[in-house]
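Below you'll find the structure, written out as structure tokens, and then a few comments.
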Amino acid sequence: MELYNHNSIEKKWQQKWEEEFLYRTTEKSNKKFYILDMFPYPSGDGLHVGHPKGYIATDVYSRMKKMQGYDVLHPMGFDAFGLPAEQYALNNKVNPNVSTAKNVARYKEQLKMLGLNYDWEREINTTDPKFYKWTQWMWKQMYKKGLAYESYDPINWCPSCKTGLANEDLENGQCERCGSEVEKKPLRQWTIRITDYADRLLTDLDKLDWEPHIKELQRNWIGKSEGSEIDFPLISFPYQKSLRIFTTRADTIYGATFMAISHELASSWVEKGWKPNEEVLTVLNEIQEEAKKQDFSFKEVQEKKGVYTGIKARNPVNGEEIPVYIANYILAGYGTGAIMAVPAHDERDFEFAQKYSLPIQCVIQKKEHDNPDNGVHHEDGVVIDSSEYTGLSSSDARIKITEKVGGKLTSTYKLKDWVFARQRYWGEPFPIVFDENHVSYAVADSELPIVLPMVDEYEPTGTGESPLANIKEWVEVYGCINEDGEFISLPKDDSKAKLFTRETNTMPQWAGSSWYYLRYIDSHNETSFVDAVKEKKWSPVDFYVGGAEHATRHLIYARFWHKFLYDIGVVSYDEPFTKLQTVGLIMAEDGRKMSKRWGNVVNPDEVVMQYGADTLRVYEMFMGPFDQAVAWSTSSMAGSRRFLERFFALQSKVVNSCELSLEATIALHQTIKKVGEDIELFKFNTAISKMMTLLNFLEKEPLVSREVYIICIKLLAPFAPHVTEELWHTLGETESVHVASWPKYNESSLFASTVTYAIQIEGKLRATCVLPRDLDESRVILAVKENDQYKKYVGTFEPKKIIVIKNKLVNVVI
RNA sequence: GCCGAAGUGGCGGAAUGGUAGACGCGUUCGACUCAAAAUCGAAUAUCGCAAGGUGUGUGGGUUCAAGUCCCACCUUCGGCACCA
């Protein structure tokens, strides 16, 4: 018998599999399974051992599904547009086209080294014009539906990355990429009305088989509040008749002692002609200055600040006149940007009222006999001191009061429209041109893709213009508008040709990843992003595996994008990912995140070289529960290597036929059952431990039959595809083990004919007792009464009660 | 502050309400070796010579029986955070 030489085995079979297209997707079964990894964004550093954990898991799962007779789609590709790749290129002074291609090649090599069963014939790359042609096409459909629009609102601007950012790209008011303080900058933007889909994105979460915490993250991000919009008439204010406010607590309207508006709203009044006094202008200015740095993502809660405008509003329920304040804690982007302030039942309003000595009027009693003057509380309760509404519950009063004052019940969301333009080079160009009056036109389908020009200079300008704006020969195009209102290009000297200019912003990093999973289904289709019949066969993704950090960006964007495609009738399901599983991080041996900064990165190339890909795979699946973070341990990994060596060495005991001991037979069938069930549940660690247990049994056997060993090889094949393939062929098999059929267990071989009962006396374990399986309860009791320990503790007295759990345990209550 | 997840040996972790600690790492002892590594065998929650006692973050509760269910609390991690 040869020694286990992982290097030669792994190289040999990887080459064979590739030559034979073993992992080419089949379409011959009526059962399909689409299992997908979140595709990587190739950085310059290559993979570390933490990255492949999810890929190995989908690999194991897909291999089992394949052996179970499914048509399995398990593809891979690369997401490579956007800031990180561009920054990397800038730092290394290469063109991103070049560096990206290099990084992709390196990633691919590393992935192949692990023996993953991807169908590389379907590989995609978001930076490939053949791919982004369809990103552009889809965005164009949004534009035509009015879902993508030009906006001039101030947006988050990162001065260091020199680009506008979406709300999702911020972390505590800082740029998620570089940590710079984000500024507010008025900039022309393409924006997508994702908020139109807020409600569907929220309610459809219910039908998804996703981990609850990920759904919760999305719910929080969408941030729906149900409340009322109510108009408060403004008194002798010629510029606006009334002030519309949003509140979730219409039941507290009798406690409204002032109004508060955002500085943006105040500014818009100034624009309309309102001339506030000096003091108001000063404070307004101060608030504006502070807000320029930070808008809706404050790092710290600032001190409340505001000023009385001199304007009064009338409370619609009781006609009371209350002052209107400008206040720094009012967010323009939430609700209507104006509130009725109820200091008794809102802590922020309370703080403000205290500072400016405004009245505090309690109108909700927590419990019936509560003292109404016991300070601020925001809980629902019983309405008091509120005319005809007194005595109602908060929830009833909300509806009745809103109705009475002619308000409407409505919802507002924390989710913002998606700022969908970057002032950078490395992204998809927009399929848009402008005429001399800045009227925008979509370009005709025949013009797609609009290819990103190859340039020498792609440094961001920082002016709010993309570097593309400097490339005159790309920006200026000649053509005309056809009968569909779309641009088609013409030669410059054509009589109908007019000058147009291209949109020079590019799409954000998240564009391609919002739909890439559809492209794998039909990667090479030139006439459509996916063939409708194929889409029906493979879609939706049955199982999606990736990092939890994508919960509020990629996974929201993709769900939105997919729903849009569904609405325009080009896909057949309204949710892209039926089941989602997140991967737990692999930490470094020191417990920190693996990072170049800490010098604690473990390189998979070295691990594969020294221990083999199979060992790495088995170890990563054995480390612990899949969704939990675990620290890497090289010595622990050696255990997985030993397991494979012992498994390999078992072949020396294999004979054509021999009897297997009863114990081992039972272990075998239990293992078949458990491995299948556990892989299905992504409980790889327990699947492997069961196989280890089985191996421990088989090692005690003098000989092992070929038939038994074959079963073991099949069970291990998804985890350790190379060594099992080698052993499989050593046994004389000619087809690959990876297209063999998944083993089945015998129900009758799962248990022995005897069982060990636990004998408890007063709930404490005192003895065990071997009895025939499925023995009558009365006979179990008879047997227990013969037990020495029973006699010792119970004696001859008749116990109060004897509980028998069949085939498991007896508990005697004295 | 709000929301979510989780607390079990020296470590990673197992346990449909039914014998807590499977499996692996580590450690100790033994075999092999001149020796070491590797490998193989045995032991390994804890106190106790033993009988036995104690043990799944803390305190209560339900139950014949609780790591598992209920209530309160503590700690850690993750997310959101002036969202009216």
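Keep in mind that this is a model prediction, so the values were computed, not measured. Here is the naming used below: chain letters follow the sequence lines, and residue numbers restart at 1 for every chain.
Looking at the side chain of A:Lys683, the nearest of the listed nucleotides B:rG79, B:rA15, B:rU19 is B:rA15. Comparing B:rG24, B:rG13, B:rG18 by their closest approach to the side chain of A:Asn696 singles out B:rG24. Comparing B:rC3, B:rG24, B:rA84 by their nearest atom to the side chain of A:Tyr334 picks out B:rA84. Distance from the side chain of A:Ser635 is smallest for B:rC25 among the nucleotides B:rC25, B:rA14, B:rG12.
Anti is the classification of B:rG61, since its glycosidic angle lies more than 90° from 0.
Under a 4.0 Å N-O distance rule, the pair A:Asp349/A:Lys304 does not qualify as a salt bridge.
Heavy atoms of A:Lys700 sit nowhere under 4.0 angstrom from any nucleic acid atom. Counting non-hydrogen atoms under 4.0 angstrom, A:Ile688 reaches nothing in the nucleic acid. Residue contacts shown for A:Lys215 are absent, as no nucleic acid heavy atom lies under 4.0 Å away.
Considering only side-chain N and O atoms, A:Tyr793 lies under 4.0 angstrom from the phosphate OP1 or OP2 of B:rG52. Phosphate proximity of B:rA81 to A:Lys414: present, with a side-chain N or O under 4.0 Å from OP1 or OP2.
In this structure a side-chain-to-backbone donor-acceptor pair under 3.5 Å is present from A:Thr686 to A:Lys683.
With rounding to whole Å, A:Tyr619 atom OH is found 14 Å from B:rC23 atom C1'.
Look at the C1' atom in both B:rG18 and B:rG13: the space between them is 22 Å, to the nearest Å. Between B:rA65 and B:rU54, the distance separating the two P atoms is 15 Å to the nearest Å.
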